[in-house]
Undergrad: 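Questions regarding the structure given below will be posed in turn.
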Amino acid sequence: MTYPTTIDENAPVIADHTIRIAAPLERVWQLHTGIRFWPVWQSAITEARLDVPLAPGATFHWETAGLSIDSTVYAVDSADASHRILWGGPAHGITGVHEWTFAEDGDGVVVRTRESWAGAPVDADRDSLAAALDDSLSTWLDALKKAAE
């Protein structure tokens, strides 16, 4: 199966956020990729489950904002000074692709998240969904920072 290698740069909604976290790369990476523990540090996520090892092709289930989502991991890269994960899939008529990168920065890590949304619901209400995605990613990054620091 062929998976996306990045977000959909032509999607009608794209969000891009960056934050610096004063914590070691491995700590931040473990928090972020420990999917079943997401509800512990992210109040917006009520359930998260990954029943197989985290690798391309793995699918995880999670619930947020009353929505049930199944995401497929497209790529996982963990080089010495940087890490990356890409996942996505269809949910409620929206095709989302979500990329996270983690790069060492002195005594911390710079986390960047980019996500694209496309589909009929996005076409019907682009501005509201763009705002919702921006808010969601900002909240996620803030929660990750708080949990890691």
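Quantities reported herein were computed from a predicted structural model and do not represent experimental measurements.
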Undergrad: Please check if the side chain of R20 supplies one atom and the backbone of V110 the other of a donor-acceptor pair under 3.5 Å.
TA: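 Side chain of R20 to backbone of V110: no pair is present.
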Undergrad: Which value, rounded to the nearest 0.5 Å, describes the distance between I14 atom CD1 and I7 atom CD1?
TA: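 Reported value, rounded in 0.5 Å steps: 4.5 Å.
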Undergrad: Would a hydrophobic clustering, with Ile, Leu, Val, Met, Phe, Trp and Tyr connected at side-chain separations under 4.5 Å, put V52 with V76?
TA: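 Yes, V52 connects to V76 through the hydrophobic network.
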Undergrad: So H17 and D134, side chain to side chain contact (heavy atoms under 4.5 Å, CB included) or not? Walk me through it.
TA: CA-CA 8 Å; H17 294 266; D134 274 329; 2.9 Å; yes
Undergrad: S78 vs R84, test: side chain to side chain donor-acceptor pair (under 3.5 Å). Steps then yes/no.
TA: CA-CA 6 Å; S78 54; R84 175 181 177 263; over 6 Å; no
Undergrad: Is there a donor-acceptor contact under 3.5 Å from the side chain of Y74 to the main chain of G89?
TA: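 Yes: the side chain of Y74 pairs with the backbone of G89.
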Undergrad: Set out, in order, the CA-CA distance, both residues' side-chain angles and the distance that settles side chain to side chain donor-acceptor pair (under 3.5 Å) for T72 and W87, then state yes or no.
TA: CA-CA 5 Å; T72 299; W87 70 64; over 6 Å; no
Undergrad: First locate atom CG of L25, then atom CD of E104, and finally report the distance between them rounded to the nearest 0.5 Å.
TA: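 Result: 5.0 Å between the selected atoms.
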Undergrad: Would the F102 and W29 ring centres measure less than 6.0 Å apart?
TA: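 Yes, they do, as the ring centres are separated by less than 6.0 Å.
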Undergrad: Evaluate side chain to side chain contact (heavy atoms under 4.5 Å, CB included) for R126 paired with V13, printing each intermediate quantity in order.
TA: CA-CA 7 Å; R126 182 187 178 280; V13 169; 3.8 Å; yes
Undergrad: Applying side chain to side chain contact (heavy atoms under 4.5 Å, CB included) to T95 and W117, what does each step give before you reach the verdict?
TA: CA-CA 6 Å; T95 298; W117 281 4; over 6 Å; no
Undergrad: For R112, which residues count as a side chain to side chain donor-acceptor pair (under 3.5 Å) partner, sequence neighbours excluded?
TA: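 Only D16 meet the side chain to side chain donor-acceptor pair (under 3.5 Å) criterion with R112.
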Undergrad: Distance-only, no hydrogens or angles: does the S136 side chain make a donor-acceptor pair with backbone N or O of A132 under 3.5 Å?
TA: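 Such a contact is absent between S136 side chain and A132 backbone.
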Undergrad: Under 4.5 Å between any side-chain heavy atoms of P12 and D123, yes or no?
TA: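 The answer is yes, as the side chains (C-beta and beyond) meet within the 4.5 Å cut-off.
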Undergrad: Can any side-chain N or O of E63 pair as donor or acceptor with the backbone N or O of T46 at less than 3.5 Å?
TA: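 Between the backbone of T46 and the side chain of E63 there is no qualifying donor-acceptor contact (under 3.5 Å).
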Undergrad: Measure the CG-OG1 distance between L144 and T139 for me, rounded to the nearest 0.5 Å.
TA: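 Between atom CG of L144 and atom OG1 of T139 there are 12.5 Å.
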Undergrad: Should L141 and V111 be marked as a side chain to side chain contact (heavy atoms under 4.5 Å, CB included) after you check the CA-CA gap, both sets of side-chain angles, and the distance that decides it?
TA: CA-CA 8 Å; L141 285 171; V111 180; 3.7 Å; yes
Undergrad: Taking a hydrophobic cluster as the set of Ile, Leu, Val, Met, Phe, Trp and Tyr residues connected by side-chain heavy atoms closer than 4.5 Å, whether directly or through intermediates, do Y3 and I69 fall within one such cluster?
TA: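 Shared cluster, no.
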Undergrad: Using 0.5 Å steps for rounding, measure from the CG atom of L31 to the NZ atom of K146.
TA: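 So the CG of L31 and the NZ of K146 are separated by 13.0 Å.
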Undergrad: Would you name the heavy atoms of A11 and A118 that are closest together and state the gap between them?
TA: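 Taking A11 first and A118 second, the nearest heavy atoms are CB-CB, 4.2 Å.
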Undergrad: Might you point out which heavy atoms bring L86 and E99 nearest each other, and give the distance in Å?
TA: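 That would be CD1-CB, 3.5 Å.
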Undergrad: Test salt bridge (charged side-chain N to carboxylate O under 4.0 Å, His left out) on R114 and E9 and set out the steps.
TA: CA-CA 10 Å; R114 299 185 329 131; E9 300 288 354; 2.9 Å; yes
Undergrad: Do the side chain of S116 and the main chain of D8 share a donor and acceptor less than 3.5 angstrom apart?
TA: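 At least one qualifying donor-acceptor pair exists.
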Undergrad: Are I94 and V97 connected in a single hydrophobic cluster, I mean Ile/Leu/Val/Met/Phe/Trp/Tyr linked by side-chain heavy atoms less than 4.5 Å apart?
TA: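 Hydrophobic grouping puts V97 apart from I94.
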Undergrad: Going from CG on D107 to CD1 on I21, what distance comes out if it is rounded to the nearest 0.5 angstrom?
TA: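 D107 CG to I21 CD1: 12.5 Å, rounded to 0.5 Å.
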Undergrad: For a side chain to side chain donor-acceptor pair (under 3.5 Å) check, start with the C-alpha distance between S128 and D125, then their side-chain angles and the critical distance, and finish with the verdict.
TA: CA-CA 6 Å; S128 294; D125 194 7; 3.1 Å; yes
Undergrad: Measuring only between side-chain heavy atoms, which start at C-beta, is D51 closer than 4.5 Å to R49?
TA: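 The answer is yes, as the side chains (C-beta and beyond) meet within the 4.5 Å cut-off.
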Undergrad: Is F37 reachable from W62 through a run of hydrophobic residues whose side-chain heavy atoms are each under 4.5 Å from the next?
TA: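 Unlinked, W62 and F37 end up in two clusters.
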Undergrad: Do F60 and V40 belong to the same hydrophobic cluster, where Ile, Leu, Val, Met, Phe, Trp and Tyr are linked whenever their side-chain heavy atoms lie under 4.5 Å apart, directly or via other members?
TA: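 No; tracing contacts between hydrophobic side chains, which count when under 4.5 Å, never links both residues.
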Undergrad: Mind checking side chain to side chain donor-acceptor pair (under 3.5 Å) for D70 and listing every partner two or more places apart, or none if nothing turns up?
TA: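 If we apply the side chain to side chain donor-acceptor pair (under 3.5 Å) test to D70, skipping adjacent residues, the hits are H61.
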Undergrad: What closest approach, in Å, do T64 and A44 show between heavy atoms, and which atom pair accounts for it?
TA: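 Heavy atoms of T64 and A44 come nearest at OG1-O, 2.9 Å.
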Undergrad: Which atom names give the shortest non-hydrogen contact between L50 and A58, and what distance separates them?
TA: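 Nearest heavy atoms, L50 then A58: CD1-CB, 4.1 Å.
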Undergrad: Start with the C-alpha gap between W38 and W140, add the side-chain angles, then the distance that decides, and say whether ring pair (Phe, Tyr, Trp, His ring centres under 6.0 Å) holds.
TA: CA-CA 10 Å; W38 285 356; W140 192 318; 4.9 Å; yes
Undergrad: Please assess H83 against T101 for the test side chain to side chain donor-acceptor pair (under 3.5 Å), listing each intermediate value before the final yes or no.
TA: CA-CA 6 Å; H83 295 4; T101 57; over 6 Å; no
Undergrad: Please find the pair of heavy atoms, one from P121 and one from L129, that lie closest to each other, and give the distance.
TA: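 That closest heavy-atom pairing would be O-CD1, 3.2 Å.
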Undergrad: Rounded at 0.5 Å granularity, tell me how far CG in L137 sits from CH2 in W100.
TA: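 CH2 of W100 is found 6.0 Å from CG of L137.
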Undergrad: Restricting to non-hydrogen atoms, name the atom on A147 and the atom on W41 that form the minimum distance, rounded to 0.1 Å.
TA: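 Here A147 and W41 meet closest at CB-CB, 3.7 Å.
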